[in-house]
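What follows is a short report on a single structure.
Quick note: residue numbers are just sequence positions, from 1.
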Amino acid sequence: MSGILRFFLSKNLRIAKDRAWDLTVASRAKDSEFWGPYVEEWQIPPKANPNGTGLLERTYGKWWARMIINRFVLFPLQLYPFVGQATSAWMRAYGTSRYLHSKYFKSKNMTPQQIATYMEERKWDYRLFGFASALLESMPIIGLFFAISNQIGAAMWAHDLEKRQTLFRNGTLQPLPPHIIHMDDGTTVKLRPAGTGLFSAIRGMGVQNGMSGEKIPGGYIGSSRKEQ
């Protein structure tokens, strides 16, 4: 039923999504100059593939692959309540979040490589956000309304993320240093900056979750803040 409704309401749904995003952005009373150019937030940017994070996600992004996976791979899981929906939502998480922030990336004139790097630096935040969004949209009937409300949430998050980008552009924040582990044999290992992992994202305490000013959780740890 939801698929039939989406087919007949696709045009109106697209208009409603665009309007939800535009009205949410307008409610923040920011002009076009607020959405500045991309600035790198890590001292050592992660390697990211602009074509997708992995073979499975790149494959699942194709309509024919989704049809095969949903009909033959995930179908047995549909026998168990929630399991099939949750599995499908997780597989679509990264692509869903990228789609929901496509207008944000466009407003910043970001290249595919910059988008991939930016999302990789926040991969767990984007995965969790995309998972929740895809899961809500997969709900029968009511998922149509969540498809619109997800745009509102995405616009609000984009606004907070851009506040953080502004702090890096004006020098208030400095690029995050890698988390360095010293091994017993004297060697060192450089990992993701502290506060950018899965558990930080789950707790909403990630250093890049978009909070601004002094409220950025962990935003001023170590040498990430310029000395006054």
For Q43 and Q174, does a side-chain donor sit closer than 3.5 Å to a side-chain acceptor? no

**Prompt:** Heavy atoms, side chains only, cut-off 4.5 Å: are L100 and Y126 in contact?
**Reply:** no

| query | Quick check: are there more than 12 heavy atoms from other residues, nucleotides or ligands sitting under 6.0 Å from CZ of R28? | reply | yes

- Does one side chain, of Q114 or K108, offer a donor that lies under 3.5 Å from an acceptor on the other? no

For R98 and A116, indicate whether the former's side chain and the latter's backbone hold a donor-acceptor pair under 3.5 Å.
no

Original post:
Is there a donor-acceptor pair under 3.5 Å between the side chain of H159 and the backbone N or O of V25?
Top reply: no

So OG of S149 and CD of E137: to nearest 0.5 Å the spacing works out to 8.0 Å

What one should report as the nearest heavy-atom pair of P37 and Q165 is O-OE1, 3.9 Å

Heavy atoms of I152 and A20 approach each other most closely as CG1-CB, 3.9 Å

**Request:** For the pair R192 (side chain) and E121 (backbone), establish whether a donor and an acceptor sit closer than 3.5 Å, ignoring hydrogens and angles.
**Result:** yes

Closest non-hydrogen contact found for Q113 with P50 is OE1-CD, 3.4 Å

message: Can you confirm whether D31 is buried at CG, in the sense that more than 12 heavy atoms of other residues, nucleotides or ligands lie under 6.0 Å from that atom?
response: yes

Between P177 and P193, the two heavy atoms sitting closest are O-CB, 3.4 Å

Practice problem: Test M156 against D160 for side-chain contact (heavy atoms from CB on, under 4.5 Å), laying out the working first. | Solution: CA-CA 7 Å; M156 294 173 65; D160 290 338; 5.6 Å; no

| request: Output yes when E41 and R164 qualify as a salt bridge under the 4.0 Å nitrogen-oxygen rule, no when they do not. | output: yes

Taking side chain as C-beta onward, heavy atoms only, is P45 less than 4.5 Å from E120? no

(message) Working note: E40 + F168, criterion side-chain contact (heavy atoms from CB on, under 4.5 Å); need CA distance, chi angles, decisive distance, verdict.
(response) CA-CA 8 Å; E40 179 53 52; F168 279 93; over 6 Å; no

Given the ring of Y118, does R122 sit roughly above its face, with NZ or CZ under 6.0 Å from the centre of the six-membered ring and within 45° of the axis?
yes

TODO: For the residue pair W35 and Y104, categorise the inter-ring angle as parallel (less than 30°), tilted (30 to 60°) or perpendicular (more than 60°).
DONE: perpendicular

Practice problem: Kindly say whether G130 contributes a backbone atom to a donor-acceptor pair with the side chain of S133 at under 3.5 angstrom? | Solution: no

For M183, the other hydrophobic cluster members (4.5 Å side-chain criterion, sorted by chain and number) are I181, V189, L191

Do any N or O atoms from the side chain of N150 and from the backbone of G153 form a donor-acceptor pair under 3.5 angstrom?
no

Would you say that S138 contacts R92 through its side chain, given a criterion of any heavy-atom pair below 4.5 Å between the two side chains? yes

Can you classify the ring geometry of F131 versus W90 as parallel (below 30°), tilted (30 to 60°) or perpendicular (above 60°)? perpendicular

Any salt bridge linking D22 with K103? Criterion: basic side-chain nitrogen under 4.0 Å from a carboxylate oxygen.
no

Q.
So does E162 get a backbone contact from the side chain of T166, meaning a donor-acceptor N/O pair under 3.5 Å?
A. yes

Between M119 and S97, the two heavy atoms sitting closest are CE-OG, 3.7 Å

Taken to the nearest 0.5 Å, the spacing of K17 NZ from I148 CD1 works out to 8.0 Å

